[in-house]
Amino acid sequence: SNVLHAHPLTIRATKKGVEIGKPEAIETGSVGPNKDVRFPHRAAIRVSAGGDDITGAGDGAYLTKSSDWGVGFDWRRGSDFISTNIAHGSPMVHMTVGGNLAQLKLGIRAKYLPDLSIAGRLAYEVYGNIFVVYVPKEAVVAQQKRVVTITIPGASPSEGFDVMVGALP
């Protein structure tokens, strides 16, 4: 999909999942008396449902609802899914992730922040911004380099579980 600028976050659905970023202003030159400023999307965290997000590709994202201030879309790969709700102006993205697990792919040089992390809350610094990922407290979390795997013992793959990603100011 194209990038959704839901200020302060950017969200993009790809074949591998849902990307979330917090863009920084880049001045690209001047146009007359006005400066040309862009806010390009850079994925800080990509959320994927199901198995290995590196090799798997989803069926794509489909718009499920829209209003003046929000949008929802579903991402699917076989029986795995991510149902996403985005509110314009919110620093949080709510997702229901279905399947056996969720994976987070973190941006380059992401750093885990143990002082901000407790059961049900994972904090990372990515590209100079702090992102917090909320998962159920009973989640089993494993991290290997930039890939974080989240499973919920006894969770129903067809119902899924809640994951929220937010950016701190």
Side-chain angles (χ1 to χ4, degrees), residues 1 4 6 8-22 41-66 70-87 90-127 129-168:
S1 75
L4 173 65
L9 301 177
T10 55
I11 297 96
R12 180 173 176 225
T14 71
K15 289 190 175 216
K16 293 188 177 197
V18 178
E19 296 178 348
I20 301 162
K22 186 176 179 198
H41 172 71
R42 179 168 55 169
I45 297 175
R46 183 179 69 220
V47 180
S48 300
D52 183 1
D53 75 321
I54 309 272
T55 59
D59 302 329
Y62 302 93
L63 185 68
T64 57
K65 57 189 163 195
S66 65
V71 69
F73 63 86
D74 284 352
W75 176 95
R76 295 205 170 274
R77 175 175 51 202
S79 61
D80 299 326
F81 67 90
I82 304 172
S83 182
T84 305
N85 293 300
I86 304 159
S90 173
M92 305 289 289
V93 176
H94 174 263
M95 293 166 268
T96 300
V97 179
N100 294 323
L101 59 91
Q103 281 189 332
L104 308 177
K105 177 79 177 272
L106 305 172
I108 296 171
R109 291 186 295 283
K111 183 169 66 171
Y112 176 67
L113 302 173
D115 292 345
L116 295 177
S117 300
I118 58 172
R121 184 176 74 198
L122 309 168
Y124 300 93
E125 182 178 342
V126 188
Y127 303 130
N129 295 298
I130 297 176
F131 289 85
V132 180
V133 180
Y134 296 91
V135 297
K137 286 185 180 181
E138 65 272 17
V140 176
V141 178
Q143 182 168 351
Q144 186 172 15
K145 297 187 181 182
R146 294 176 28 217
V147 177
V148 180
T149 303
I150 302 163
T151 57
I152 309 294
S156 167
S158 62
E159 291 180 22
F161 57 92
D162 292 330
V163 174
M164 290 185 69
V165 177
L168 298 181

Next item on the list: Using modelled atom types only, decide if a donor and an acceptor are shared between the side chain of Lys137 and the backbone of Arg121 within a distance under 3.5 Å.
Entry: no
Next item on the list: Flag the pair Leu113 / Ile130 as yes when at least one side-chain heavy-atom distance between them is below 4.5 Å, and no otherwise.
Entry: yes
Check: Can the positive tip of Arg42 be found less than 6.0 Å from the middle of the six-membered ring of Tyr127, inside 45° of the ring normal?
Finding: yes
Checklist line | Shortest non-hydrogen separation from Pro8 to Ser90 and the atoms involved | finding: CD-O, 3.5 Å
Item checked: Side chains of Thr14 and Glu19 in contact at under 4.5 Å (non-hydrogen atoms) -> yes
Notebook entry, point to check: Could you walk me through whether Met92 and Val132 pass the side chain to side chain contact (heavy atoms under 4.5 Å, CB included) check?
Noted result: CA-CA 9 Å; Met92 305 289 289; Val132 180; over 6 Å; no
Check: What closest approach, in Å, do Phe73 and Thr64 show between heavy atoms, and which atom pair accounts for it?
Finding: N-OG1, 3.5 Å
Checklist line | Identified side chain to side chain contact (heavy atoms under 4.5 Å, CB included) partner of Ile86 from the options Leu9, Val71, Ile20 | finding: Val71
Item checked: Spacing of CG belonging to Leu104 relative to CZ belonging to Arg146, to within rounding of 0.5 Å -> 12.5 Å
Margin query: For Ser48, is there any backbone N or O sitting under 3.5 Å from a side-chain donor or acceptor partner on Trp75?
Written below: no
Notebook entry, point to check: How close do Ile82 and Val47 get, heavy atom to heavy atom, and via which atoms?
Noted result: CD1-O, 3.3 Å
Item checked: Residues which pass side chain to side chain donor-acceptor pair (under 3.5 Å) with Lys145, listed by chain and number, not counting sequence neighbours -> none
Margin query: Suppose we screen for ring pair (Phe, Tyr, Trp, His ring centres under 6.0 Å). Which residues come up paired with Tyr124, at least two apart in sequence or across chains?
Written below: Tyr112
Notebook entry, point to check: How long is the gap from CD on Gln103 to CD on Gln144, to the nearest 0.5 Å?
Noted result: 10.0 Å
Note to self: Just so I know, are the side chains of Val93 and Ile11 near enough to count as touching, which here means a heavy-atom distance under 4.5 Å?
What the structure shows: yes
Notebook entry, point to check: Are any non-hydrogen side-chain atoms of Met95 and Val165 less than 4.5 angstrom apart?
Noted result: yes
Next item on the list: Compare every heavy atom of Gly21 with every heavy atom of His41, then report the nearest pair and how far apart it is.
Entry: CE1-N, 4.1 Å
Next item on the list: Taking all non-hydrogen atoms of both residues into account, name the closest pair between Gly50 and Asp80 and its distance.
Entry: CA-OD2, 3.2 Å
Checklist line | Any Thr149 side-chain heavy atom under 4.5 Å of Val141 side chain | finding: no
Check: Which residues satisfy the side chain to side chain contact (heavy atoms under 4.5 Å, CB included) test with Ala110, sequence neighbours excluded?
Finding: Leu106, Val126
Note to self: Looking at every heavy atom in both Leu101 and Phe161, which two are closest together, and how far apart are they?
What the structure shows: C-CZ, 4.4 Å
Next item on the list: Just jot down the side chain to side chain donor-acceptor pair (under 3.5 Å) partners of Ser83, sequence neighbours excluded, or say none.
Entry: Asp74
Checklist line | side chain to side chain donor-acceptor pair (under 3.5 Å) partners of Thr96, counting only residues at least two apart | finding: Asp162
Next item on the list: May I have the step-by-step check of side chain to side chain contact (heavy atoms under 4.5 Å, CB included) for Val140 and Ile150, ending in yes or no?
Entry: CA-CA 6 Å; Val140 176; Ile150 302 163; over 6 Å; no
Checklist line | Counterpart residues, side chain to side chain donor-acceptor pair (under 3.5 Å), relative to Glu125 (two or more places apart) | finding: none
Checklist line | Side chain proximity check, Pro91 to Leu168, heavy atoms < 4.5 angstrom | finding: no
Note to self: Please evaluate residues Ile152 and Glu138 with respect to the criterion side chain to side chain contact (heavy atoms under 4.5 Å, CB included), reporting the C-alpha separation (whole Å), side-chain torsions for both, the decisive distance (0.1 Å), and the verdict.
What the structure shows: CA-CA 6 Å; Ile152 309 294; Glu138 65 272 17; 3.9 Å; yes
